[in-house]
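So the structure is just underneath, and the comments pick up after that.
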Amino acid sequence: MEVKGKTIKELMENFLKEINKKVKTEGNSEKISTKFEVKGKYVEECIQKFAEKILNYFSRKNAVFENFELEISVDKKWCFSFSLEGKIFEKIESKISEIKIEKLEESVEGWKLNFSVN
């Protein structure tokens with residue numbers, strides 16, 4: 001699968017939308033908000049850790065996130081700080097057990113991310 005974005009934030013928004021397409025929700029819902037950070041030596045590592053966190057929220061909390069704010073800082077490592085908003089559902093059926101980041105490219109047009117889902 002592939003997503004694109006002019007900025008890393010736009011890329012991450014499109015990535016989250018693609019992940020959410022693989023999820024079916026059932027029942028009543030209530031709002032949820034959370035914050036977390038992911039760190040990595042490379043941007044790809046941060047995106048991989050983000051995907052793992054999102055899958056964890058699917059399986060453990062039945063949560064689907066729709067909106068987020070992202071702050072990016074770079075020192076010796078990349079740090080993505082997320083503030084997410086979404087909903088917790090009575091039941092979630094996810095067709096994803098794993099997401100693997102395959103390739104990330106930066107060009108004049110922006111960013112392109114290739115990933116696979118199992």
Side-chain angles (χ1 to χ4, degrees):
M1 301 179 82
E2 179 181 288
V3 291
K4 295 179 181 179
K6 291 182 181 180
T7 64
I8 292 177
K9 183 178 189 301
E10 186 178 320
L11 177 82
M12 295 302 290
E13 287 171 348
N14 294 335
F15 181 52
L16 184 60
K17 286 177 188 174
E18 282 299 314
I19 294 170
N20 286 344
K21 286 180 184 178
K22 302 279 186 193
V23 177
K24 289 184 180 181
T25 58
E26 293 180 23
N28 295 326
S29 65
E30 62 182 70
K31 290 184 179 183
I32 182 177
S33 62
T34 190
K35 295 180 181 185
F36 62 78
E37 286 185 349
V38 291
K39 295 179 181 181
K41 192 171 182 179
Y42 305 103
V43 175
E44 295 94 328
E45 192 176 347
C46 289
I47 295 171
Q48 181 68 53
K49 289 179 179 179
F50 170 78
E52 291 166 5
K53 287 257 192 197
I54 294 300
L55 291 179
N56 191 30
Y57 274 98
F58 286 169
S59 64
R60 293 183 184 232
K61 301 212 184 245
N62 290 342
V64 176
F65 295 105
E66 299 153 348
N67 301 310
F68 68 83
E69 291 298 318
L70 170 61
E71 289 183 32
I72 300 171
S73 58
V74 183
D75 191 10
K76 292 181 181 178
K77 288 188 171 191
W78 287 81
C79 179
F80 289 11
S81 299
F82 292 93
S83 296
L84 300 106
E85 294 178 351
K87 294 179 182 173
I88 295 176
F89 292 88
E90 288 180 20
K91 186 177 179 185
I92 283 185
E93 185 178 314
S94 174
K95 298 177 182 177
I96 304 172
S97 60
E98 180 184 29
I99 298 174
K100 184 173 188 245
I101 305 304
E102 295 176 350
K103 188 176 181 183
L104 179 67
E105 297 177 19
E106 183 182 14
S107 68
V108 177
E109 293 89 32
W111 294 84
K112 181 170 73 170
L113 175 68
N114 292 305
F115 65 98
S116 61
V117 295
N118 295 323

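Residue numbers count from 1 along this sequence.
A donor-acceptor pair under 3.5 Å is formed between the side chain of Glu90 and the backbone N or O of Asn28. At least one donor-acceptor pair under 3.5 Å links the side chain of Lys49 to the backbone N or O of Lys39. The closest donor-acceptor contact from the side chain of Gln48 to the backbone of Ile101 lies under 3.5 Å.
In this structure, the side chains of Lys112 and Ser107 stay at 4.5 Å or more apart for every pair of heavy atoms. Residues Asn14 and Lys4 have side chains not in contact (no heavy-atom distance under 4.5 Å, counting atoms from C-beta outward). In this structure, Thr34 and Tyr57 have side chains that are in contact, with non-hydrogen atoms separated by less than 4.5 Å. Looking only at side-chain heavy atoms (C-beta outward), Phe15 and Ile54 stay at 4.5 Å or farther from each other. You'll find the side chain of Asn20 stays beyond 4.5 Å of the side chain of Phe65, heavy atoms only. In this structure the side chain of Lys87 never reaches within 4.5 angstrom of the side chain of Val64, judged on heavy atoms. Side-chain contact check for Ile19 versus Phe58: some heavy-atom pair is nearer than 4.5 Å. When side chains are defined from C-beta on, Leu104 does not count as touching Tyr42, because their heavy atoms never get closer than 4.5 Å.
What you find for Ser59 and Asn62 is that their closest heavy atoms are O-OD1, 4.5 Å. Here the shortest heavy-atom pairing between Trp111 and Leu11 reads O-CD1, 3.8 Å. Here the shortest heavy-atom pairing between Met12 and Ile47 reads SD-CG1, 3.6 Å. Closest non-hydrogen pair, Ile92 versus Ala63, comes out as CD1-N, 3.5 Å. The two atoms that bring Glu18 and Phe115 nearest to each other are CB-CZ, 4.0 Å, heavy atoms only.
Between Glu105 and Lys103 there is a salt bridge, with a side-chain nitrogen of the basic residue lying less than 4.0 Å from a carboxylate oxygen of the acidic one. Using a cutoff of 4.0 Å between basic side-chain nitrogens and carboxylate oxygens, Glu13 and Lys9 are scored as salt-bridged.
To the nearest 0.5 Å, the span separating CD1 on Ile88 from OG1 on Thr25 amounts to 13.0 Å. In this structure, the separation between OG on Ser97 and CG on Leu55 is 8.0 Å, given to the nearest 0.5 Å. Lys95 contributes atom NZ, which lies 13.0 Å from atom NZ of Lys21 (distance to the nearest 0.5 angstrom). Atom CD of Glu102 sits about 11.0 Å away from atom CE of Met1, to the nearest 0.5 Å. Taken from NZ in Lys24 to CD in Glu93, the straight-line distance is 5.5 Å, to the nearest 0.5 Å. Here the CD-CZ distance, from Glu45 to Phe80, works out to 10.5 Å after rounding to the nearest 0.5 Å.
Residue-environment remark: CD (Glu69) stays at or below the threshold of 12 foreign heavy atoms within 6.0 Å. Other residues, nucleotides and ligands place no more than 12 heavy atoms under 6.0 Å from the CD atom of Glu71.
Of the candidates Ser81, Cys46, Ser73, Glu37 forms a side chain to side chain contact (heavy atoms under 4.5 Å, CB included) with just one, namely Ser81.
Aromatic ring centres of Phe82 and Phe50 lie closer together than 6.0 Å.
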